[in-house]
Amino acid sequence: MTKRKASTSARSSALKNVGHDSSTLRSTRSGTSGANSYTSSDQIITEMHKEANACYEQCLEKDEDSILSLARPLDHGRLVLAQEIIKEAAQFMESYLDTAPSSSAQSADEMGDTGEPCPDSPMQQSSILTDLGSSTQRAGNIVDNRTLLKEKLDRAREWILWQSISNEKAMYGHIGAFIEYVALIVRGKLISLADSSSDNGLGRRLVLPSTKFDYNSSDTDDTMRIGMGLARAKADDPIDDNCKRFSYYEVFAVLEAKRKGDGDGFKNAFKRLYMNARQMYQQQHNLRFAWGVTVSGRLVRVCHFGHDRAISSCHMDISTPEGRRSFIELLVNWSFCEESQRGRDPTMEYLYDLRCWQIACPSEKGCMGEGADVKYYYFSTVKCQAERVFGRHTRCFLATDIIPTAVISTTNPLVPTVVIKDSWALSKRNASDDACDEVRFLKKIKEGLSAQAAAKDVIFPKIEAGGRVSFQRNGKWVEDNTDTIYGLGKLAEDNADTVHGSGNLPENNADTANEVGEAHSDDDPLFRAHRRIVMSPIGEPLCSTKSVAEFVTVVCDAMRCHSAFVDDCNILHRDISDNNILVVRSEGVARGMLIDFDYAIDLEQKERDNLHKVTGTLPYMSINNLSESDVERTNLDDWESMLCLICWFATLGTISGKRREYEELAKFPIAAWRHDSTNGMITAKESAFYSHESFMSTIVNNFKLEGGKPDKNELLKRLAISIHKCLFRNRRLSPDCHGTFEKQKHVELERCELSIDELEAYELDSLLDESLPRVNPFKERAEKWKEISKQLLAFTNVFWEKAMELQKEANKANGNMAIGNIYQ
């Protein structure tokens, strides 16, 4: 297993190059106007192609046939039935192909005048024709099922023998016929068992292909097209429907076909699948992992997209009986496996009669399962979608625990009282050993701040329930985690050996690796637990601020809250970003709340080595963090991240709906913080923060004038300058520790121990000799983080009070009313 460990370690490091937890496209498509939204549509498509190519080149685990076992039915009764259907469907197809080697028409020896197989035909020995029944509906007309079966076999045969395949689009019809052939046989068997005691609770589900090919899905404005969608259907649904165009919301797998064989054909089909998988995660709020199928010529591969892994099987050569049987086996197993094996979350259900979702959440004790209290919530609004292929797949739902009594609509909206965060964070297998458990942090914050929140006047996320998600699989409660997903066959062993990379940041465009922060040591397995947290109050995104005063209040509030977490709860956040700061409107003014503790650390824990880990969101990461310095990360790294966020939004524009366009923003030096390589980001920030003069000329002078008046920005400018001065020109630091660059320590002649003769021989150049000690400005800053943090908090409170005053004056002038307590 050593060889596997090495390869998976390299793959995990490469994940950062392929949009691992990237928030770039999420923010753009969800309509926000934060730092991550300023990417042009052309750049989005370019980055998607780059990510897909990087995934294929660096992350894809090829020729892993164990992936096929993930679809194998767990229920014994279903497994036996599936194996029976697989055997019969494969034998029937081979008999058909053997009797018609050169013509799509059945031979006269096999077919009688009525189109029925002759009594002594090998096909007649199969129970398939009996199970099919007599007829089915097609576009309102009754069609003989045997005729339909023959039509599907005829079309599939042209793909198998590679006849009349003129282009890629034509391939889909023949591939679809193969899939529909299997669906017909599955349906016949299910219908024959419908009134039988041997049904064994079998769900009547088919796997059907879309009959529209290479089409745009109705639920996305993306330019990406679906080659062929695969979706579930009831046994009595029409199979031969010429108008099926499945949306991303409906499919459990996408099939992409290329005429070329293995090599470029598979590569190009896989890249399309990768981009399709992004859309599936975005549109399906209950998707745990995504399936896909590539067809390159006559070679079929099944692909699996998990949280940190992309895996493909060996090819199934449809020109051979073995390959055809393997493809049939996959399709039949997909028909009979459980919903969780198709990638769906069994703890979430869409209630069609009410037009809302029902979601099961862990009890207040943090558990689900036998004997545990499971609480159900209902939602129709999704605040955050999981539209990345790799990573935490964080989703946020605005929910209520009150069961709706009528259909949810615009005239009868669901009124949410809590926000539910659903994510797959890196964890320890034993929950009690998980020192970075967000649920634990939130409970600690609730205990530490509840009594002081009013006195300190801070708003913090209040946990109501939360823990790891469990569900019933094959009649037993299992915890939902990556071991559960890969818990069958060889993949369970491979996943146990999977480790994260060394934490090296990518040297490519930052858009493809925006959120880092999940680096575990090479000795720790890459394990994710499905976690669900119920919290209040409900907030709005940072981009919803309506004035400079609101923006200043919100960001100051976030850091006041951050300081309370450190001082009263010993929790360091480590991921200050626009996605993690919410606007909470209370008492007629906008307030700020800091959320998301996935990357936080308990400062009381002995594992101090975690303070050296690279964490955060790239455009806002501190220089010390970006450069992977061996200097311990402190509270000041989060303050520097806040400075970066303030500068970004001040340049972008702080007022919702009045922000700069992408083309204009790209002209400023600050654009490098987002679109350059990691080294380029470091250089850009070092140059900008080096001195007061460089900070003013490079950053502050490019702040957007709100309302076209300089005085509107004065508060924001002074806040940014104050934080910069406190971090990089602080009088508490020695002059050698000012700025951002390592310096040669100057020899102070009056304190020098050299003799007079030696001093006379001393030349100026010797003061820059590499043998003299160098000074890392971030090291001394880290040593004095407590003193500097108190200073930062003190003047932040001053700016917060001024901004609050301006908000209240504006509200008074506009006649706005207070809106009550945020926790009500």
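Computed from a predicted model, the values in this text were never measured in an experiment. Numbers here simply count residues along the sequence, with the first being 1.
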> Do you know the tightest heavy-atom contact between Phe778 and Thr740?
CE1-O, 3.5 Å
> Tell me the side-chain hydrogen bond (donor to acceptor under 3.5 Å, both in side chains) pairs involving residues 721-731, sequence neighbours left out?
Asn730-Gln791
> Enumerate the residue pairs fulfilling salt bridge (Lys or Arg N to Asp or Glu O under 4.0 Å) with a member in residues 782-803, sequence neighbours excluded, ordered by first and then second residue.
Glu780-Lys784
> Got a sec, which residues hit side-chain hydrogen bond (donor to acceptor under 3.5 Å, both in side chains) with Ser622, two or more places apart in sequence or on another chain?
Asp637
> For His562, check side-chain hydrogen bond (donor to acceptor under 3.5 Å, both in side chains) against everything at least two apart and list the hits.
Asn635, Asp638
> Work out which heavy atom in Ile420 is nearest to a heavy atom in Cys361; give both atom names and the distance.
CD1-SG, 3.9 Å
> What pairs with Ser641 under side-chain hydrogen bond (donor to acceptor under 3.5 Å, both in side chains), at least two apart in sequence or on another chain?
none
> Using ring centroids (six-membered ring only for Trp), state whether His738 and Phe728 fall under 6.0 Å.
no
> In this structure, which one of His573, Arg574, Lys421 forms a side-chain hydrogen bond (donor to acceptor under 3.5 Å, both in side chains) with Asp598?
Lys421
> Taking only residues two or more places apart in sequence, or in another chain, which ones meet Val382 in a side-chain contact (heavy atoms from CB on, under 4.5 Å)?
His285, Phe379, Gln385, Phe397
> Any idea which heavy atoms bring Ile576 and Met559 closest together, and the distance?
CD1-SD, 4.3 Å
> With sequence neighbours excluded, give me every salt bridge (Lys or Arg N to Asp or Glu O under 4.0 Å) pair touching residues 685-699.
none
> List the atom of Pro619, the atom of Arg674, and the distance in Å for their closest heavy-atom pair.
CG-NH1, 3.7 Å
> By side-chain contact (heavy atoms from CB on, under 4.5 Å), which residues pair with Lys446, not counting sequence neighbours?
Ser450, Lys462, Ile463
> Can you see which heavy atom on Cys436 is nearest to which on Ala600, and at what distance?
SG-O, 3.8 Å
> Scan residues 541-564 for pairs that pass salt bridge (Lys or Arg N to Asp or Glu O under 4.0 Å), counting only residues two or more places apart or in two chains.
Glu550-Arg585, Asp557-Arg560, Asp557-Arg591
> Tyr620 and Trp639: aromatic ring centres closer than 6.0 Å?
no
> Closest approach of Ser694 and Phe689, non-hydrogen atoms and distance?
OG-C, 4.3 Å
> As a test of understanding, state which of Lys443, Lys444, Arg440 forms a salt bridge (Lys or Arg N to Asp or Glu O under 4.0 Å) with Asp602.
Lys444
> Could you pull out all residues at least two apart from Ser544 that satisfy side-chain hydrogen bond (donor to acceptor under 3.5 Å, both in side chains)?
Glu540
> If you look only at pairs with a residue in residues 639-650, which of them pass as a salt bridge (Lys or Arg N to Asp or Glu O under 4.0 Å), with sequence neighbours excluded?
Glu640-Arg781
> Residues two or more places apart in sequence or in another chain: which of them pass side-chain contact (heavy atoms from CB on, under 4.5 Å) with Ala431?
Arg468
